[in-house]
Number of protein chains: 2
Amino acid sequence: MNINRTSERRLYQQVADQIRGLIQKGHFEVGSRLPAERDLAQQLGVSRPSLREALIALEIDGTVEIRMGSGIYVAAAVERRTLSQAATGESAVELMEARATVEAAVIGLAGARFTPATLRGLRMTLEAMRADIEEGRKPLGHDRQFHLAIAAQSGNSVIVRLVGELFDERHSPISSQFRARFDTPATWRHALAEHEAILAALEARDVPLAQMRMHAHLEESKRRWIESEPR
Amino acid sequence: MNINRTSERRLYQQVADQIRGLIQKGHFEVGSRLPAERDLAQQLGVSRPSLREALIALEIDGTVEIRMGSGIYVAAAVERRTLSQAATGESAVELMEARATVEAAVIGLAGARFTPATLRGLRMTLEAMRADIEEGRKPLGHDRQFHLAIAAQSGNSVIVRLVGELFDERHSPISSQFRARFDTPATWRHALAEHEAILAALEARDVPLAQMRMHAHLEESKRRWIESEPR
DNA sequence: CTGAAAAATTGGCTTGACCACTTTGAACGG
DNA sequence: CCGTTCAAAGTGGTCAAGCCAATTTTTCAG
């Protein structure tokens with residue numbers, strides 16, 4: 001039961017995913033007690049501090065409940081997820097589908113309103129995003145800025161709010177694992193390339209193409225999410 | 001900078017709170033680097049593993065960003081707007097434009113999934129709406145049901161929630177006058193007729209036409225709203 | 001001045017140990 | 001036989017010290 005030590009993702013994230021998987025596969029009943037920290041660490045092939053870091057992550061997202069002196073228990077809240085089999089994954093999928101539908105439509109609305117100035121702004125945002133990636137920072141903020149700047153061109157504050165809320169939902173407590181699994185330099189580079197394709201279509205004044213590419217971008221994000229899901 | 005050791009809260013939670021406080025009080029600038037783990041642990045009077053547990057909690061909730069070999073950085077605060085704050089600066093006109101854009105796109109997504117059974121359901125809803133109007137009741141509930149039933153055919157719960165929230169926003173305190181001005185038998189009859197046109201397009205399996213008519217319906221609603229506005 | 005290599009810095013992870021709280025079960029008294 | 005008590009075992013909570021790997025800074029040769 002060893003874990004790849006050279007992965008880009010931190011060890012506690014891998015361990016947390018592994019434990020989530022074991023719970024969802026039914027290796028541990030809801031409400032039951034997990035093996036003691038010392039034993040579980042040995043079974044998973046990691047040290048106790050690393051296991052504890054994973055347990056804190058699992059405790060924060062409500063997968064597990066830790067009782068001092070007693071043990072680690074599978075939280076009742078997980079029951080919902082177990083019912084629909086990885087409902088967190090599915091809701092993340094639904095979220096990305098919703099974004100694909102809405103944001104493609106929004107480009108249609110914004111359509112003709114793009115000016116050279118706003119296009120320059122978008123390009124600057126993407127350059128900042130590229131710098132983030134190359135310099136090891138998380139480009140999340142500029143990712144958000146790109147999507148919101150496009151929405152803003154609709155001139156409709158309700159739509160801007162909507163796009164922002166959907167974007168932020170990836171980071172709600174429910175999807176806290178989203179970032180952990182999704183956030184690697186490789187996936188960010190894909191996202192950047194797709195952003196640039198969208199911008200290129202906008203610069204060419206080809207609104208339908210920009211719509212298609214926005215849709216494709218969010219569908220690809222969904223696919224990357226699904227494929228990164230631990231088995 | 002000592003921490004109460006006999007508290008019931010776990011140490012990592014106390015440390016995480018303390019660091020959040022320091023950031024919020026401005027002791028650490030956004031984007032700046034925090035002291036190294038070893039130093040920070042000593043400053044806070046805890047061991048390095050305990051500090052690391054706190055950092056994981058802070059990393060998960062997005063307060064902090066950890067870069068291997070580089071340092072711990074204060075993440076750019078993603079300001080999360082609350083729903084209550086939603087309506088500031090947003091007009092009913094913008095709301096209806098947003099609905100027109102989103103709900104037309106949703107029909108495209110739901111598209112081929114309409115079955116004879118669901119179409120029968122939609123027709124029944126419209127009959128109930130007609131009955132409401134003729135018998136002097138407010139058809140608001142069936143109006144909502146019609147829009148939500150269409151959204152539900154997308155098979156995407158995020159979209160259903162979205163359409164529902166946008167519908168309900170007409171009735172937020174800000175738009176309390178909406179109903180008073182808009183809610184007349186004449187306008188409801190117009191709305192019903194437009195609903196029936198949408199349904200007819202769906203029954204004819206003409207998705208693009210249905211999209212156009214949904215868009216037109218909500219644009220017409222907006223127009224009726226504007227024209228009824230007192231001058 | 002430039003660029004590459006070495007040193008210092010920093011986070012990532014492990015081992016081993018001790019403390020505090022909870023549970024368990026056996027001894028004890030009724 | 002049953003309930004109580006209390007000590008031992010089990011479990012999470014925390015700490016200390018150290019080594020490794022990635023990054024940053026410094027040094028120094030060209």
Side-chain angles (χ1 to χ4, degrees), chain A residues 1-19 28 31-60 63-75 131-138 180 183-186 188, chain B residues 1-19 28 31-60 63-75:
Chain A
M1 244 200 195
N2 269 340
I3 291 185
N4 178 11
R5 199 69 55 81
T6 62
S7 163
E8 285 189 354
R9 307 191 46 240
R10 315 240 314 261
L11 184 55
Y12 85 83
Q13 297 171 330
Q14 302 179 49
V15 173
D17 286 343
Q18 202 168 345
I19 295 175
F28 300 118
S32 72
R33 206 186 66 184
L34 268 56
E37 287 187 355
R38 292 162 179 80
D39 301 336
L40 195 52
Q42 193 172 12
Q43 289 179 33
L44 298 177
V46 300
S47 71
R48 207 178 143 213
S50 293
L51 172 67
R52 281 181 58 78
E53 293 184 353
L55 289 178
I56 284 173
L58 293 174
E59 187 182 34
I60 288 176
T63 302
V64 131
E65 179 185 337
I66 300 177
R67 278 179 272 197
M68 183 170 51
S70 175
I72 309 155
Y73 298 83
V74 180
D132 286 338
I133 295 172
E134 287 178 356
E135 292 163 27
R137 291 188 301 272
K138 300 185 188 305
D183 183 10
T184 73
W188 280 123
Chain B
M1 250 199 193
N2 269 339
I3 290 186
N4 179 12
R5 196 69 56 78
T6 61
S7 166
E8 287 192 358
R9 286 170 54 73
R10 315 231 321 256
L11 185 55
Y12 85 84
Q13 296 170 330
Q14 302 178 49
V15 173
D17 288 343
Q18 201 168 344
I19 295 176
F28 299 119
S32 71
R33 206 186 69 184
L34 269 56
E37 287 188 353
R38 293 161 178 79
D39 301 335
L40 194 52
Q42 193 173 11
Q43 288 179 33
L44 298 177
V46 299
S47 72
R48 209 178 142 210
S50 294
L51 172 67
R52 280 181 58 79
E53 292 184 355
L55 289 178
I56 284 172
L58 292 173
E59 187 183 34
I60 289 176
T63 303
V64 132
E65 180 184 333
I66 299 176
R67 282 180 244 164
M68 183 169 49
S70 176
I72 308 154
Y73 298 82
V74 179

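Residue numbers start from 1 in every chain, and the chains themselves are labelled A, B, ... in the order their sequence lines are given, proteins ahead of strands. Note: hydrogens, waters and symmetry copies are ignored here, and every other heavy atom, side chains too, is used.
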Which whole-number value in Å describes the distance from [X] [atom1] to [N] [atom2]?
{"X": "B:Asp39", "N": "C:dA8", "atom1": "CG", "atom2": "C1'", "answer": "13 Å"}
{"X": "A:Gln13", "N": "C:dG12", "atom1": "CD", "atom2": "P", "answer": "10 Å"}
{"X": "A:Met68", "N": "C:dC21", "atom1": "CE", "atom2": "C1'", "answer": "5 Å"}
{"X": "A:Gln42", "N": "C:dT15", "atom1": "CD", "atom2": "C1'", "answer": "13 Å"}
{"X": "B:Ile56", "N": "C:dG12", "atom1": "CD1", "atom2": "C1'", "answer": "10 Å"}
{"X": "B:Leu40", "N": "D:dC15", "atom1": "CG", "atom2": "C1'", "answer": "16 Å"}
{"X": "A:Leu11", "N": "D:dC19", "atom1": "CG", "atom2": "P", "answer": "21 Å"}
{"X": "B:Arg10", "N": "C:dT22", "atom1": "CZ", "atom2": "P", "answer": "13 Å"}

Distance, nearest 0.5 Å, that separates [atom1] of [X] from [atom2] of [Y]:
{"X": "A:Leu51", "Y": "A:Leu55", "atom1": "CG", "atom2": "CG", "result": "4.0 Å"}
{"X": "A:Tyr12", "Y": "A:Asp17", "atom1": "OH", "atom2": "CG", "result": "10.0 Å"}
{"X": "A:Ser50", "Y": "A:Leu44", "atom1": "OG", "atom2": "CG", "result": "11.0 Å"}
{"X": "A:Ile56", "Y": "B:Gln13", "atom1": "CD1", "atom2": "CD", "result": "8.5 Å"}
{"X": "A:Arg38", "Y": "A:Gln43", "atom1": "CZ", "atom2": "CD", "result": "14.0 Å"}

* Are B:Arg52 and C:dG12 close enough that a side-chain N or O sits under 4.0 Å from OP1 or OP2? ->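 Indeed, a polar side-chain atom of B:Arg52 lies that close.
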* Asked: Charged N to carboxylate O under 4.0 angstrom, B:Arg10 versus A:Glu59?
  -> yes
* Where each residue is assigned the nucleotide of DNA chain D containing its nearest heavy atom, which of B:Arg33 and A:Ile66 is assigned the position nearer the 5′ end? ->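 It is A:Ile66 whose nearest nucleotide is closer to the 5' end.
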Quiz: residues 66-75 of chain B side-chain donor-acceptor pairs under 3.5 angstrom, not counting sequence neighbours:
residue: B:Arg67; atom: NE; partner: B:Glu65; partner atom: OE2; Å: 3.4
residue: B:Ser70; atom: OG; partner: B:Tyr73; partner atom: OH; Å: 2.6

Where the side chain of [X] is concerned, which of [options] is the nearest nucleotide?
{"X": "B:Glu37", "options": "C:dC13, C:dG12, D:dT14", "value": "C:dG12"}
{"X": "B:Ser50", "options": "D:dC15, D:dG13, C:dG12", "value": "D:dC15"}
{"X": "B:Ser70", "options": "D:dT23, C:dC13, D:dT14", "value": "D:dT23"}

Could you list the protein-to-nucleotides 16-19 of chain C atom pairs, N/O on both sides, closer than 3.5 Å?
residue: C:dA17; atom: N6; partner: A:Arg48; partner atom: NH1; Å: 3.2

* Asked: Given that A:Arg67 and A:Ser47 both sit by DNA chain C, which one's nearest nucleotide is further toward the 5' end?
  ->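 Whichever sits nearer the 5' end wins; that is A:Ser47.
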